[in-house]
Number of protein chains: 2
Amino acid sequence: MTDTIIGSAAKEIVIGFERPFVIIGERINPTGRKTLAAEMKEGDYSRVEADARAQIAAGAHALDVNAGIPLADEPRILAEVIQLVQSITDTPLCIDSSIVAALQAGLEVYQGKALVNSVTGEEEQLEQVMPLVKKHEAAVVAISNDETGISEDPDVRFEVAKRIVERAADFGIKACDVVVDPLVMPVGAVNSAGQQALKLIHRLRTELKVNTTCGASNISFGLPNRDGVNGAFLSMAIHSGMTSAIANPLHREVVNATLGADVLMGRDPDCARWIKRFREPPVTGEGAARGRRQSRRRRA
Amino acid sequence: MTDTIIGSAAKEIVIGFERPFVIIGERINPTGRKTLAAEMKEGDYSRVEADARAQIAAGAHALDVNAGIPLADEPRILAEVIQLVQSITDTPLCIDSSIVAALQAGLEVYQGKALVNSVTGEEEQLEQVMPLVKKHEAAVVAISNDETGISEDPDVRFEVAKRIVERAADFGIKACDVVVDPLVMPVGAVNSAGQQALKLIHRLRTELKVNTTCGASNISFGLPNRDGVNGAFLSMAIHSGMTSAIANPLHREVVNATLGADVLMGRDPDCARWIKRFREPPVTGEGAARGRRQSRRRRA
C-alpha cells in the first residue's frame, strides 16, 4: 500500500494502490501545438486557462504544465503559467520540464506539494533535480532510463527505476514520493512496447511497490485511431497496477478506459462515480464542446 | 498453448493462446428483441440474415445463433436458422441453447465443427450434452456453475470448470475442445464481479490451460454507457488470458478493445490488422450503417 500525496494550497489528491486511478491532464503543453507555443511565448496564456478549465471539467485530477518552447525563456514562462493556473484552480499540478532551471523556477512559485516531472537515472540529473525535490518537499516522476539510454528489456528498466528510488532515499526522499514512469514507447515502432510496459508496470507495483505514471498516448504514436489504442492500453495498464497517467481527459476513450477500469477493479463502490458521470448530462463548457468536436472528427 | 478449432464446411478458425482474439457475434438472439422473436417464430429470418451479414462485415470471426423464444418450437427454428446462416456465409457458428433437443437439432444440420453453447457442471446436463458434442465432434462452451448454483468465489468456479474438463475427458472430448465461460455477472449488482471474472480467467489460462469465452456485455448490465464498461472489461480480460468472447462487433468500443488488446499483447505483427482496419474507409452496407446509428444513439 503506497500513497503518493500531491496538492495545491487548498486541495490534496492521492495516487495510490487500491485508489481510484488518477488522470493528469496532458493538454497544457506546447509540444506540437504551434499556436499555443506562439501564444505562450508572447505571454498570452488565454488558451492555457481554457485548457486548464476544460480538462478539470472533463475529470482531470491533476494537470501537467509544460512550457517547452524552442528559444523561449522556459523558466519564466513555466513559472508564470503555474501562477496563472493556480490562480484559477486548486487542482494540483505536475511541473513538467527537461530543464532543471525551469523545474526550479516552477517549484519556487508553486503553492503546495507539486509532482516534479521528471528525473531520469542519469547521475548528473539525479544530483541536480533531487535536491530541488527535497527542498520543496515535492514528489517526483522517475523515468526508467539512464546514461545507457532506454533499454527494450523491461527488467533492465526495472533495475534503473530501483536505483532511482534508492538514490532518492540518499537525498532524503521517501519511495512513496517517487512515481515511476516505465517509459511507454510507440507500439507502431516497437511491436513489443505494450508487453514491455505492462510487464514493467506489474514489477514496479508488486516488487518495487511504487506508484506509476506514463505518457499514455505515446503508445499509439503513428497509428490511426490512436484513442482506441490508448483506451485499451490504459485499461490493461491499470489491470497491471498502474496508478496514474498523463493523458487527455477530453477524449471519451480515456475516460471510459480509466473510470471503467476503476469499476472493474472494485475501486468505484456501487459504481457510484460511473453512474454519476454517465447518467448526468455531459459537462458543459469548452471541455465538453471540444470533447464532442474531437469525437465527431474521429468518427467522421 | 491450447488451440480450439471450430469451422464450417469451408472455413476453420482457431481460438488459442497467442492467437488474435476471437469475437463471436452475439446479435442472432431473440432474447430481449421482441421484433426479431416474433419474426423468427413466424419463420421470417430476414433480420437474422441481415444480422449475420452485418456482424461479419464488422469483423465477427464466428456467430452465435440462439432461437430461445417462449412457446416456440426452438429445435426446428434453431435448425432452420443455422441452415439459413450457413447458406449465406462460411463463418463458423456457435449453437446456443439451454434446451438439449435444440442443440441436437442444430448439430444435426450443422456443416462443420460447431461450438456448442453450452453445458454446465450439472451432472444431468453433462450426461445429455457431452455425448452430442462427442458424436458430432464439436467443441463445447463449459459454464462454471453446477447443482450448487453460481458461486461468487472464483476459486469455487475454477473447481467446477476443472471438473467439467475432467468429465469431458470421460466422454472422449479433449480439453482443447472445451472453452470455459467464467460466468460474468453484472458489476452493477455484484461489485466484485469484474475482479472475480479477471481472477478466474487468469487461473483458467495459467493453471487449467483452457480457452475461455464469455457473454461480455453481462458485465455492464443495468449501468449507463454500457459499451464503455464492456470495452474496458474486454481489454482487461484479454490481458488476463481470455481468448474469445460473445460480443457485439458493431460496437466501436468492442472492436477498439479487442483489436487494441491484440496490438498491445503483440498479436498483431507490425499493427497490420489495426492499420488496415482503421486506415481504410469504414465497412459499407448495413453493418456499418447500423454501427454508426448505434454510435450516434449512444452519444446522443
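Side-chain atoms are counted along with the backbone in the values below, which use heavy atoms only and exclude waters and symmetry mates. Keep in mind it's a predicted model, so treat the numbers as computed, not measured. Reminder, nothing fancy here: chain letters follow the sequence lines and each chain counts from 1.
- Rounding to the nearest 0.5 angstrom, the gap separating the CG atom in L264(B) from the OG atom in S192(A) is 11.5 Å.
- Using a 4.5 Å cut-off between heavy atoms, I219(A) contacts chain B through its side chain alone, with no backbone atom that close.
- Residues A232(B) and A257(A) share a closest heavy-atom pair of CB-O, 4.3 Å.
- When each of Q196(A), M236(A), M265(A) is checked for heavy-atom pairs under 4.5 Å with chain B, M236(A) comes out on top.
- Other residues, nucleotides and ligands place more than 12 heavy atoms under 6.0 Å from the NE2 atom of H61(A).
- Neither the backbone nor the side chain of N230(A) comes within less than 4.5 Å of any heavy atom of chain B.
- The two residues R279(A) and P224(B) have their closest heavy-atom pair at CG-CG, 3.8 Å.
- Taking S235(A), S220(A), A193(A) one by one and counting their heavy-atom pairs under 4.5 Å with chain B, the maximum is reached by S235(A).
- Across P269(A) and N191(B), no two heavy atoms sit closer than the pair CA-OD1, 3.3 Å.
- Using a 4.5 Å cut-off between heavy atoms, A261(B) contacts chain A through both its backbone and its side chain.
- Partner of N256(A) under the side chain to side chain donor-acceptor pair (under 3.5 Å) criterion, out of N225(B), D227(B), N256(B): N225(B) alone.
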- Task: Evaluate the side chain to side chain contact (heavy atoms under 4.5 Å, CB included) criterion for residues H239(B) and L198(A): first the C-alpha distance (whole Å), next the side-chain angles of each, then the deciding distance (0.1 Å), finally the verdict.
- Result: CA-CA 9 Å; H239(B) 183 239; L198(A) 295 169; 3.9 Å; yes
